[in-house]
Amino acid sequence: MFTTSGIEQTHAWKELQAHQRTLIGTHTLRQLFAEDSARFDNFSLQLDDLLMDFSKVCLTAKTVSLLIQLAQAAGVEARRDALFSGDAVNDSEDRPALHTALRSQSKSSLIVGSIDIMTAIRQSQARLIDFAKRIRHGNLTATNEQPFTDVVSIGIGGSDLGPRLVATALRSYHDGPRLHFVSNIDGTHFADIVATLDPCRTLFIVSSKSFSTTETLANAEMAKNWLAHAVGDNDVWRHFAAATAAPEKAAAFGVARECIFELWGWVGGRYSLWSAIGLPLLIAVGTKHFFDLLSGAHCMDKHFCAAPVSKNLPLMLGLVGVWHRNFFRYPTRAVLPYSHRLRHLPAYLQQLDMESNGKQAGAGGRTAVRHTGPVVWGATGSNAQHAFFQLLHQGTDVVPCEFVAVARSHDSALDANHRVLLANCLAQSEALLHGTSGDIEPHRRCVGGRPSITLLFEKITPFTLGRLLALYEHRTFVESVIWGVNAFDQWGVELGKSLIGELLTVMDDEGIAGKDSSTRGQAAHLRRLR
Ligand code: F6P
């Protein structure tokens with residue numbers, strides 16, 4: 001295990017550097033396919049219906065073997081075991097990151113501090129299930145004793161992106177009240193969402209681990225005023241619940257104690273959808289489907305812990321990420337879900353990946369590598385084909401692409417379109433690989449040899465979705481271990497937050513001393529316009 005010298009000084013790293021130079025000097029991706037008729041079999045993995053094809057990445061059996069050596073040199077498996085057993089892997093905040101416990105089906109206890117968190121999780125889940133059932137069945141009613149028809153989740157970042165992605169992906173499973181999400185402090189977000197809602201039949205769930213996030217509190221305040229206007233001050237709190245690790249703050253805001261659902265410090269915000277932060281989902285899709293989501297994630301957890309590295313999907317996905325980032329120096333990667341229902345996946349992965357691994361400081365006595373998390377971006381296929389795929393095929397920078405597609409649409413009546421959608425997905429990765437051939441004009445030429453990974457599974461269900469998201473969580477973790485960063489803190493977002501208060505006064509022409517001329521100039525321009 002490396003400590004001070006850093007992973008870049010290890011034999012495996014240096015071997016990979018030399019191997020990459022040789023490989024690109026002697027082979028194109030097209031040639032690798034031409035030379036190995038079993039390339040797909042050799043470089044794809046499967047877990048039940050989930051296929052991960054990384055044969056369209058410029059690598060060989062030697063690459064894989066060296067990457068596995070790199071994982072060993074970085075101690076990835078030991079760190080993984082530390083993650084699952086509750087060690088303080090989040091060393092800057094001295095706490096574990098136990099999102100995996102939230103979906104564990106183990107009967108054993110897991111002690112954090114002096115508390116058995118498995119018991120705490122079961123108790124929390126029982127309260128959540130009971131509350132969700134009462135909302136769904138109309139036993140817990142709104143003003144005028146009417147059932148709630150709409151639930152609005154107020155939250156941002158990890159308290160929004162995961163639940164929003166899952167709610168959208170599982171739309172076919174919704175059989176509870178309608179679900180809406182408000183995140184932006186731009187008041188038009190709130191205004192647009194509530195425009196069609198009946199305040200007398202709307203429940204707001206304030207989702208905030210810290211219960212101190214400016215955007216969320218501002219939107220909660222707007223909700224309070226909007227409700228008070230319609231139902232009167234006394235009834236407002238019948239329309240509020242909260243999911244938070246700061247129950248006292250939620251209570252001080254006014255939420256009734258019995259409607260406050262706790263999570264814990266050891267649940268990271270971007271890993272929290274499996275906790276009380278998932279309450280809006282539980283209300284929308286019901287207990288069975290919510291727990292199927294957790295089961296899917298648990299299935300991937302078990303696979304991550306048990307499968308040998310060469311057959312381990314999150315491990316290999318992470319290692320390919322490192323191969324691209326550190327040995328090819330690709331600065332970005334694109335996520336391309338060929339699924340309208342997975343349209344929020346790129347935004348979710350942006351937070352998961354970039355908030356986890358967009359760092360320079362080393363963690364846990366390790367030295368961070370020179371290049372850590374790439375920029376993650378993307379959009380749904382086929383729409384993105386008509387937007388930025390031009391650059392993917394002919395641009396001057398190579399962008400590794402990650403295609404995600406499902407074999408079957410939820411509704412067989414939509415299958416004709418779905419076949420075309422899938423053909424589009426296959427066509428794009430094929431075109432990236434092969435490019436154009438023959439003697440054609442330069443402006444028509446696509447060089448090909450552009451790498452992609454494809455994830456395919458049968459259908460979007462709660463189980464397959466949970467499995468997919470856990471795959472990405474663990475990929476992020478694997479990469480963080482090799483890069484030597486702490487995937488579970490986010491100190492970089494604090495600086496901007498801390499300046500907001502000052503800037504409010506600058507916009508009022510106070511406290512401008514010490515501000516740079518650009519910030520002063522912008523504030524002055526805004527004052528004139530306002
Ligand atoms: O801005 C970053 C962040 O702290 C995220 O990590 C988190 O998911 C989000 O803000 C929301 O935080 P909270 O759940 O405490 O409102």
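Just so you know, ligand 1 is whichever comes first in the structure, and atom 1 is the first atom listed for that ligand.
Residue Gly158 places at least one N or O, backbone or side chain, under 3.5 Å from an N or O of ligand 1. Ligand 1 has an N or O atom lying under 3.5 Å from an N or O atom of Ser159, backbone or side chain. Some N or O of Ser210 is nearer than 3.5 Å to an N or O of ligand 1, by distance alone. Considering backbone and side-chain atoms together, Lys209 places an N or O closer than 3.5 Å to an N or O of ligand 1.
Taking the six-membered ring for Trp and the full ring otherwise, Phe181 and His189 have centroids separated by 6.0 Å or more.
Shown in contact with Val493 at under 4.0 Å from a heavy atom are these atoms of ligand 1, numbered in order with element: 1 (O), 2 (C). Heavy-atom contacts of Ser208 reach the following atoms of ligand 1: 13 (P), 14 (O), 15 (O), 16 (O) (cutoff under 4.0 Å).
Protein heavy atom at the shortest distance from atom 13 (P) of ligand 1 is Thr213 OG1, 3.3 Å. With respect to atom 6 (O) of ligand 1, the closest heavy atom belonging to the protein is Glu355 OE1, 2.6 Å. Of all protein heavy atoms, the one lying nearest to atom 11 (C) of ligand 1 is Ile156 O, 3.2 Å. Closest to atom 4 (O) of ligand 1, if we only count protein heavy atoms, is Lys497 NZ, 3.5 Å.
Between Phe488 and His99, the ring planes are tilted. Angles from 30° to 60° get that label. In this structure, Phe131 and Phe261 have tilted ring planes: the angle between them lies in the 30° to 60° band. The aromatic rings of Phe240 and Phe253 lie perpendicular to each other, with more than 60° between the two planes, well past the 30° mark. In this structure, Trp226 and Phe190 have perpendicular ring planes: the angle between them is above 60°, well past the 30° mark.
No hydrogens or angles considered: nothing links the side chains of Ser183 and Glu215 as a donor-acceptor pair under 3.5 Å. Trp266 and Asn90 share no side-chain donor-acceptor pair at under 3.5 Å. No hydrogens or angles considered: nothing links the side chains of His174 and Arg171 as a donor-acceptor pair under 3.5 Å.
Assignment of Gln351 to the shell around ligand 1 is supported, since a heavy atom sits closer than 4.0 Å.
Contact annotation: for Gln490 versus ligand 1, heavy atoms closer than 4.0 Å belong to the side chain alone.
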